[in-house]
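All chains are named by letter (A, B, ...) in the order of the sequence lines, taking the proteins before the strands, and each is independently numbered beginning at 1. As the structure is a prediction and not an experimental result, all values here were calculated from the model.
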Amino acid sequence: MKSIRTRFAPSPTGFLHLGSARTALFNWAFARHHGGTFLLRVEDTDHDRSTLESEAAVLEGLRWLGLDWDEGPFRQSERSDRHRAAIASLIASGRAYRCVCSKDSLEERKNQDLASGGNGLYDGRCRDLTLGADCGDHTVRIRLPQEGALAFDDLVFGPSGQDASQIGDAIIQRSDGTPLYNLAVVVDDIDMEITHVIRGADHHPNTPLQVAIYQALDAEPPFFAHVPLIVGESGKKLSKRRDNVSIQEFQEEGQLHEALVNWIVRLGWSHGDDEVFSLDDIARLFDLDHVGRSAARAEPAKLQWLGQHYIKGLKNDELFQRVKPFLEEIAEQPVQDSPGLSHLLDALRERSHTLMEMAEQTRWLIRDEIEYEEKAVQKHLRPVSIPLLQALRTRLESVETWDEGQLERAFEHVAEQEGGIKMGKLAQPTRVAVTGRAVSPGIYETLVAIGRERCLARLGAGLSIAEARAAAQTGS
RNA sequence: GUCCCCAUCGUCUAGUUGGUUAGGACACCAGCCUUUCAAGCUGGCGACACGGGUUCGAGUCCCGUUGGGGAUGCCA
């Protein structure tokens, strides 16, 4: 059997899209699984919409996800000679013909046909005119068989195809002489010896036409595998306007690429009851047999869970490197690793789904000035807390080594001394005093991360706030 | 309108020669733990769209209905 060759063929008209990313992943995985070749081809035959920036963004997205390619990127626009030659030979053999119908006329005839109960296909007006190259402005159309099945055996959907009578003669070359997608994609897949075309199911209805083009070119079609669509909240095909689909956007909000890959691979593919897959796992296990046929809704909840799962598994130094850009965004200055920060990040693993979430929760450590949240202050820095915080501060001043064990003993001592109060009565006001918030990791971890001097200073600040509030209450 | 496709818990899915108390994960709810929030542990809720047929037996096969989606471009 021939060695397997797959390709990812994005159109560079925006960022790498969630659905495209999954298509890329499946192509990559299929090639890797079978020891084949995965190549990249940029489908930029639409000059008006294609940009180099988009192309760069797409490549960067693929790299970030960890999808490496073996050949390319090729640009379809650089292969127009091949496309032209193919079109010329199709015209020469009578399998394609020139068409001088104007857009307006086409539109009008189509609407008329539809109105009178027709199916709106091209009416074939120029089909038998045998127009020469001197016919003026013209497009080129493929001459389809009048009847008979244009069939293919889809690796996901099974036997597929339509009767040729259901498809109109499609334009394969614009009036400006440039080739159209349906022609270019077939010529390129032939030239690049693609064995398996794995793409979104939105191409499924389009494939019979391409099968016809293969036939016209006397070429053997590849295997096709159409992957069911990923849909948004609306249940409709993902759209850039409606849904968050930009891979780069996911990256910017601090998602882990491992989580994103794991998330999308399970949208349409499964391996028994397994849920967690690394790229290596995917390369090892992926096959088309277990790709489903129904559309999948992209729900972020599972992505969140996966994000935390992978955060938990990161080594400390790598965790720091990955979260660093987000920390610096919060700190508004360079952030160095330190035992305190490292310890805090460790504690934040089980409290974060994304790197951004994690960074946000270090605010009280990596910025010198903290902001006191109004609600936290009202709830916990109350008059009743004042003597407790005072006693605690005194006690903490004399703690020998600032570690969790000693801090715990200090807290227990103060709680006991203040009448056997519940730890929450002491811990919560302290937490608010040193972080400004009612939520943080364990109080001892929190205090250790901040360090003795800053803790004592913030305890003082918290006390001042509590005292000011008490005074205001008595005064009124 | 025409053509094509799809249909298992809220979501992602397991189910691959018809025989299962229809399984898992996420989410949700409850309890435990507890200095907050999480995490963790335990338990719970929850699905074969509907109607026919084939069969001793149907989530699995066939037909229809309904619902959803895709295509129908001088986009890809």
Side-chain angles (χ1 to χ4, degrees), chain A residues 9-13 43-46 48-50 76 99 101-103 106-107 110 113-121 137-141 154 157 160-163 165-168 170-176 178 180-182 184-185 199-209 226 228-229 231 235-237 263 266-276 289-290 292-306 308 312 347-352 361 376 379-380 408 411 415 422-432 435 437-444 446:
Chain A
S11 57
T13 54
E43 312 243 308
D44 57 350
T45 49
D46 185 343
D48 294 340
R49 295 198 300 156
S50 302
Q76 209 155 43
C99 170
C101 298
S102 74
K103 279 185 193 177
L106 249 15
E107 178 74 17
K110 176 181 166 180
D113 184 42
L114 247 24
S116 61
N119 54 14
L121 300 178
D137 263 13
H138 65 273
T139 59
V140 176
R141 288 183 186 270
D154 195 275
F157 287 97
S160 302
Q162 290 174 52
D163 194 88
S165 62
Q166 297 300 330
I167 307 171
I171 296 177
I172 56 176
Q173 184 180 82
R174 295 185 180 88
S175 49
D176 67 0
T178 56
L180 246 16
Y181 165 75
N182 282 119
V185 72
R199 60 183 13 169
D202 46 342
H203 289 277
H204 192 234
N206 203 20
T207 305
L209 171 64
H226 288 95
L229 257 25
V231 299
K236 291 185 167 59
K237 196 172 158 182
W263 187 46
R266 288 286 291 102
L267 260 24
W269 175 77
S270 63
H271 185 263
D273 284 341
D274 298 346
E275 294 288 349
V276 175
D289 306 1
H290 289 86
R293 282 145 305 171
S294 48
R297 192 176 304 243
E299 279 214 342
K302 188 98 96 180
L303 173 62
Q304 297 294 305
W305 178 79
L306 284 165
Q308 177 163 85
K312 283 178 174 173
L348 253 20
R349 289 172 190 272
E350 54 206 32
R351 297 171 171 83
S352 315
Q361 295 177 87
K379 185 160 184 194
H380 298 293
E408 184 170 1
F411 270 68
K422 286 237 188 190
M423 198 52 84
K425 299 273 185 211
L426 187 54
Q428 279 307 86
T430 306
R431 191 187 312 280
V432 175
T435 69
R437 304 175 175 193
V439 174
S440 84
I443 190 64
Y444 312 124
T446 299

Need one value for [X]: base, sugar-phosphate or nothing, where a base atom within 4.0 Å counts as base even if backbone is also close, heavy atoms only.
{"X": "Lys110(A)", "result": "sugar-phosphate"}
{"X": "Thr45(A)", "result": "sugar-phosphate"}
{"X": "Cys99(A)", "result": "nothing"}
{"X": "Lys312(A)", "result": "sugar-phosphate"}

Practice task
Kindly confirm whether the side-chain ring of His203(A) is stacked on the base of A76(B), judged by centres under 5.5 Å and planes under 30°.
Solution key: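 A stacking contact exists, since His203(A) sits close and nearly parallel to the base ring of A76(B).
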[X] side chain to [Y] side chain, donor-acceptor N/O pair below 3.5 angstrom:
{"X": "Ser352(A)", "Y": "Gln361(A)", "answer": "yes"}
{"X": "Arg174(A)", "Y": "Thr45(A)", "answer": "no"}
{"X": "Ser175(A)", "Y": "Thr139(A)", "answer": "no"}

Pair assignment for [N], Watson-Crick or G-U wobble, requiring both distances under 3.5 Å:
{"N": "G40(B)", "answer": "C32(B)"}
{"N": "A71(B)", "answer": "U2(B)"}
{"N": "C26(B)", "answer": "G10(B)"}
{"N": "C50(B)", "answer": "G64(B)"}

Handout entry: RNA chain B: 5'-proximal contact among Ala201(A) and Glu350(A) (nearest heavy atom)
Key =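 On the 5' side of the pair lies Glu350(A).
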Exercise for the section: Select from Arg431(A) and Ser102(A) the residue whose nearest nucleotide in RNA chain B is closer to the 5' end of that strand. Expected result: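 Nearest nucleotide further toward 5': that of Arg431(A).
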Exercise for the section: Sequence neighbours left out, what passes ring pair (Phe, Tyr, Trp, His ring centres under 6.0 Å) with His204(A)? Give chain and number order. Expected result: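 Checked His204(A) against ring pair (Phe, Tyr, Trp, His ring centres under 6.0 Å); matches are Phe152(A), Phe157(A), His226(A).
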Using 0.5 Å steps for rounding, measure from the [atom1] atom of [X] to the [atom2] atom of [Y].
{"X": "Met423(A)", "Y": "Leu426(A)", "atom1": "CE", "atom2": "CG", "value": "6.5 Å"}
{"X": "Ser11(A)", "Y": "Gln76(A)", "atom1": "OG", "atom2": "CD", "value": "10.0 Å"}
{"X": "Asn182(A)", "Y": "Gln173(A)", "atom1": "CG", "atom2": "CD", "value": "14.0 Å"}

Handout entry: Short side-chain to backbone donor-acceptor contact, Trp263(A) and Gln304(A), under 3.5 Å
Key =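 Flag not set: sc Trp263(A) to bb Gln304(A) has no pair under 3.5 Å.
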Return the polar atom pairs (N/O with N/O) between nucleotides 2-5 of chain B and the protein under 3.5 Å, or none.
unit_1	atom_1	unit_2	atom_2	d
C3(B)	O2'	Gln162(A)	OE1	2.7

Exercise for the section: Can you check each nucleotide of nucleotides 16-33 of chain B against protein heavy atoms at under 4.0 Å and return B for base, S for sugar-phosphate only, - for none, in 5' to 3' order? Expected result: B------BBBS-------
Practice task
Identify the heavy atoms of Asp44(A) and Pro12(A) that sit nearest to each other, and give their distance.
Solution key: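 Between these two residues, the closest heavy atoms are CB-CG, 3.9 Å.
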